[in-house]
Amino acid sequence: MAAATLKKGTRPPWVGLGAAVWVQIASGNAYNFPLYSHSLKSVLGFNQHQLTLLGVANDVGENVGLLPGLVSNRLPPWAVLLFGSVACFLGYGVLWLVVSGTVQPLPYWLLWLALCVATNSSAWLSTAILVTNMRNFPQSRGTVAGILKGYGGLSAAVFTEIYSLLLNHSSSKLLMFLSLGIPIMCLLMMYFVKACTPASGEDPSERSHFIFIQIASVLLGFYVLTTTILGDVFSPKAPVSYSVIAVMVLLLMAPLAIPVKMTLYRNPERQTVVIERSVEEESLDRKEPLLASFCENDEVTEVGMLLAVGEGAVKKRRRPKRGEDFNFFEALIKADFWLLFLVYFIGVGSGVTVLNNLAQIGIAQGAHDTTILLSLFSFGNFVGRLGGGLVSEHYVRTNTMPRTVWMTWTQVIMIFIYLLFASAIHGTLYAATAILGICYGVQFSIMVPTVSELFGLKHFGIFYNFMSLGNPIGAFLFSGLLAGYIYDHEAAKQHGVVILNSSLTCLGPNCFRLTFLILAGVCGIGVLLSTVLSTRIKPVYQTLYSGGSFKLPQNSNH
């Protein structure tokens with residue numbers, strides 16, 4: 001089937017984006033770890049070091065997405081979503097059986113593996129919708145990444161709302177909800193998440209549509225944060241709780257108002273032809289005419305290629321320049337690739353350390369209600385992701401400013417936030433948690449479009465998931481090895497014991513003070529690295545965005 005181009009005002013990409021919002025909320029299931037971590041610790045008798053290593057499993061599963069990144073170019077989005085749904089069902093199902101007491105406690109290594117499988121669903125779900133929607137809106141990739149990652153950051157607050165008002169703070173009910181509710185929702189949405197050819201020309205209504213979704217997400221964020229806090233204070237009865245959840249669901253459906261409007265108020269001049277390309281058709285489209293003419297059975301022998309090059313039938317392929325489509329191994333030898341990886345690793349690795357230990361940090365500083373802390377971090381995370389995409393998109397188009405400049409500034413702020421955490425000044429815990437959430441969220445919304453702009457969209461799935469490895473590596477180093485050990489050591493000192501292998505609670509600022517001081521120093525290194533990266537890639541952004549709009553570079557032959 002011949003490829004056709006979508007005209008401006010096309011509905012299918014917007015339907016897919018509206019459905020992707022729900023899948024992105026579901027992909028944030030790994031952020032629920034603080035809601036049931038205390039049950040794992042008390043029911044199974046784990047110490048803090050064992051619990052932080054489970055937090056590492058949580059982050060490893062969420063961010064090790066090399067496999068979904070590889071298959072995203074070979075399988076349709078619905079198949080990638082199906083793999084994620086199965087992983088969610090199996091992993092959280094095992095955890096629910098253990099926490100609910102349905103089965104006898106399982107070996108620690110098996111629980112670690114089950115948590116990895118459960119949260120690995122996040123990698124499958126987010127890869128499917130990010131790859132699809134970034135390609136559906138290639139000229140607005142920063143805005144799309146900010147919206148989707150914003151909803152992903154907001155997912156913790158959405159799940160906290162459900163946990164508090166619908167599930168009555170029950171960890172076992174939450175795990176059952178995750179194991180059944182997320183797969184069912186993904187099965188309902190997978191039909192609508194489809195790849196479309198990008199629209200031809202600029203759609204004048206596109207900007208207003210994006211603004212509408214951004215406003216709807218902000219309203220949802222404020223609503224969820226407010227109702228969570230009020231629900232904790234007033235303990236509403238069942239009818240009120242159900243009403244609050246119903247309004248939240250309606251706000252989540254707001255992005256679907258765009259394709260509904262397009263259907264009801266259809267412009268005859270905007271009739272479109274929708275082409276949903278299969279993987280085979282896309283691969284055929286990418287082949288060069290001369291290369292295809294002397295291919296046999298879709299394969300090119302190395303000898304044949306050398307002869308063709310020597311005879312001048314095929315031009316020798318040059319290495320791509322930054323901004324063009326790289327393959328994975330071409331990107332691995334670029335300094336910019338590793339600089340971006342290290343900056344992202346420092347930003348999210350240090351932030352996730354606080355997230356994984358948020359319940360224990362709160363208790364150590366006298367705040368026993370961790371649901372409010374998690375809601376504040378989640379809302380800040382949402383603001384950072386949405387705002388990072390929106391602000392970076394504005395400045396990259398008006399001043400050709402590299403997006404990584406915002407990673408630099410937020411990591412400067414993170415240095416002061418970690419010092420504030422270390423000082424444990426009374427009354428600063430909640431504000432510091434919210435601000436850290438904002439800085440943490442910015443790292444995500446900047447990394448996603450930056451890696452696509454520097455190395456192309458053709459292999460974006462594998463690039464994005466490789467960068468995401470910075471999260472579990474940071475969690476292992478900063479949370480598993482550092483924070484957990486220091487916490488248990490301080491707890492043992494407070495209780496006057498020598499053996500760390502017991503379930504002890506640590507109270508006071510010393511529990512995490514050294515951890516926060518080290519994280520502040522690490523972020524100082526991140527500021528230096530991101531400054532170097534921003535300086536190096538400034539010419540790339542001047543090329544891509546000169547004149548105020550994105551220009552696709554001339555790709556090398558692949």
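Identified under the salt bridge (charged side-chain N to carboxylate O under 4.0 Å, His left out) test for residues 146-175, with sequence neighbours left out: none. A salt bridge (charged side-chain N to carboxylate O under 4.0 Å, His left out) check over residues 425-448, counting only residues at least two apart or in different chains, returns nothing. Under the salt bridge (charged side-chain N to carboxylate O under 4.0 Å, His left out) criterion, no residue pair touches residues 378-391, with sequence neighbours excluded.
Within 6.0 Å of OH in Tyr395 there are 12 or fewer heavy atoms belonging to other residues, nucleotides or ligands. Annotation: Tyr108, atom OH; neighbour count of heavy atoms from other residues, nucleotides and ligands within 6.0 Å is above 12.
The minimum heavy-atom distance between Val158 and Val224, with the atom names listed, is N-CG1, 4.0 Å. Across every non-hydrogen atom of Phe33 and Leu115, the tightest pair is CE1-CD2, 3.9 Å. Across every non-hydrogen atom of Ala422 and Leu517, the tightest pair is CB-CD2, 4.0 Å. The two residues Leu339 and Arg536 make their nearest non-hydrogen contact at CD1-CD, 3.7 Å. Heavy atoms only, all atoms of each residue included: Leu419 and Ala520 are closest at CD2-CB, 4.0 Å. In terms of heavy atoms, Leu481 sits closest to Leu477 at CB-O, 3.5 Å.
Tested against Leu454 for a side-chain contact (heavy atoms from CB on, under 4.5 Å), the candidates Val540, Leu544, Thr404 yield a single pass: Val540.
Residues that satisfy the side-chain contact (heavy atoms from CB on, under 4.5 Å) test with Trp338, not counting sequence neighbours, are Leu332, Phe341, Phe466. The ring-ring contact (aromatic ring centres under 6.0 Å, His included) search around Tyr541 returns none, not counting sequence neighbours. With sequence neighbours left out, the side-chain contact (heavy atoms from CB on, under 4.5 Å) criterion links Ile413 to Ile417, Ile435, Cys439. Looking at residues two or more places apart in sequence or on another chain, you find a disulfide (SG to SG under 2.5 Å) between Cys506 and Cys511. Partners of Ser100 by side-chain contact (heavy atoms from CB on, under 4.5 Å), not counting sequence neighbours, listed by chain and number: Trp96, Thr102, Ser172. Residues passing the side chain to side chain donor-acceptor pair (under 3.5 Å) test with Trp406: none are found, sequence neighbours excluded. Scanning for side-chain contact (heavy atoms from CB on, under 4.5 Å) contacts around Asn32 gives Asn29, Leu35, Tyr36, Phe159, Leu174, Leu178, with sequence neighbours left out. The side chain to side chain donor-acceptor pair (under 3.5 Å) search around Ser479 returns Asn357, not counting sequence neighbours. Evaluation of the side chain to side chain donor-acceptor pair (under 3.5 Å) rule for Tyr344 yields no partner, not counting sequence neighbours.
A heavy-atom distance below 4.5 Å is not found between the side chains of Ser121 and Ile182. In this structure the side chain of His169 reaches within 4.5 angstrom of the side chain of Ser164, judged on heavy atoms. Looking only at side-chain heavy atoms (C-beta outward), Val64 and Pro472 come within less than 4.5 Å of each other. By the 4.5 Å heavy-atom criterion applied to side chains, Tyr545 and Glu453 are counted as neighbours. Inter-residue side-chain proximity for Phe512 and Glu490 is flagged as unmet; no heavy-atom pair is nearer than 4.5 Å. With contacts defined as side-chain heavy-atom distances shorter than 4.5 Å, the pair Ser27/Trp22 does not qualify. For the pair Leu165 and Tyr242, the minimum side-chain heavy-atom distance is 4.5 Å or more. Contact check for Tyr487 versus Thr505: side-chain heavy atoms found under the 4.5 Å cut-off.
A distance of 13.0 Å separates CG in Leu220 from CD1 in Ile213, rounded to the nearest 0.5 Å. Interatomic distance, Phe460 CZ to Leu457 CG, rounded to the nearest 0.5 Å: 7.0 Å. To the nearest 0.5 Å, atoms CD1 (Ile537) and OG1 (Thr450) are separated by 6.0 Å. Taken to the nearest 0.5 Å, the CG atom of Leu111 stands 11.5 Å off from the SG atom of Cys116. Atoms CG and OG1, on Asn133 and Thr143 in that order, are 12.5 Å from each other to the nearest 0.5 Å.
Counting only N and O atoms by type, the side chains of Tyr418 and Ser350 include a donor and acceptor under 3.5 Å apart. Under 3.5 Å, the side chains of Ser155 and Gln24 contain no donor-acceptor pair of N or O atoms.
Phe337 and Phe455 have their aromatic ring centers within a separation under 6.0 angstrom. Taking the six-membered ring for Trp and the full ring otherwise, Tyr163 and Phe177 have centroids separated by 6.0 Å or more.
The existence of a salt bridge linking Glu393 and Arg403 is confirmed by a sub-4.0 Å separation between a basic side-chain nitrogen and an acidic carboxylate oxygen.
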In sequence, state the C-alpha distance, the side-chain angles, and the governing distance for Tyr31 and Phe377, and then conclude on ring-ring contact (aromatic ring centres under 6.0 Å, His included).
CA-CA 10 Å; Tyr31 290 114; Phe377 187 94; 7.6 Å; no
Would Phe478 and Phe345 count as a ring-ring contact (aromatic ring centres under 6.0 Å, His included) if you check the C-alpha gap in whole Å, the side-chain angles of each, and the deciding distance to 0.1 Å?
-> CA-CA 11 Å; Phe478 302 139; Phe345 152 73; 5.7 Å; yes
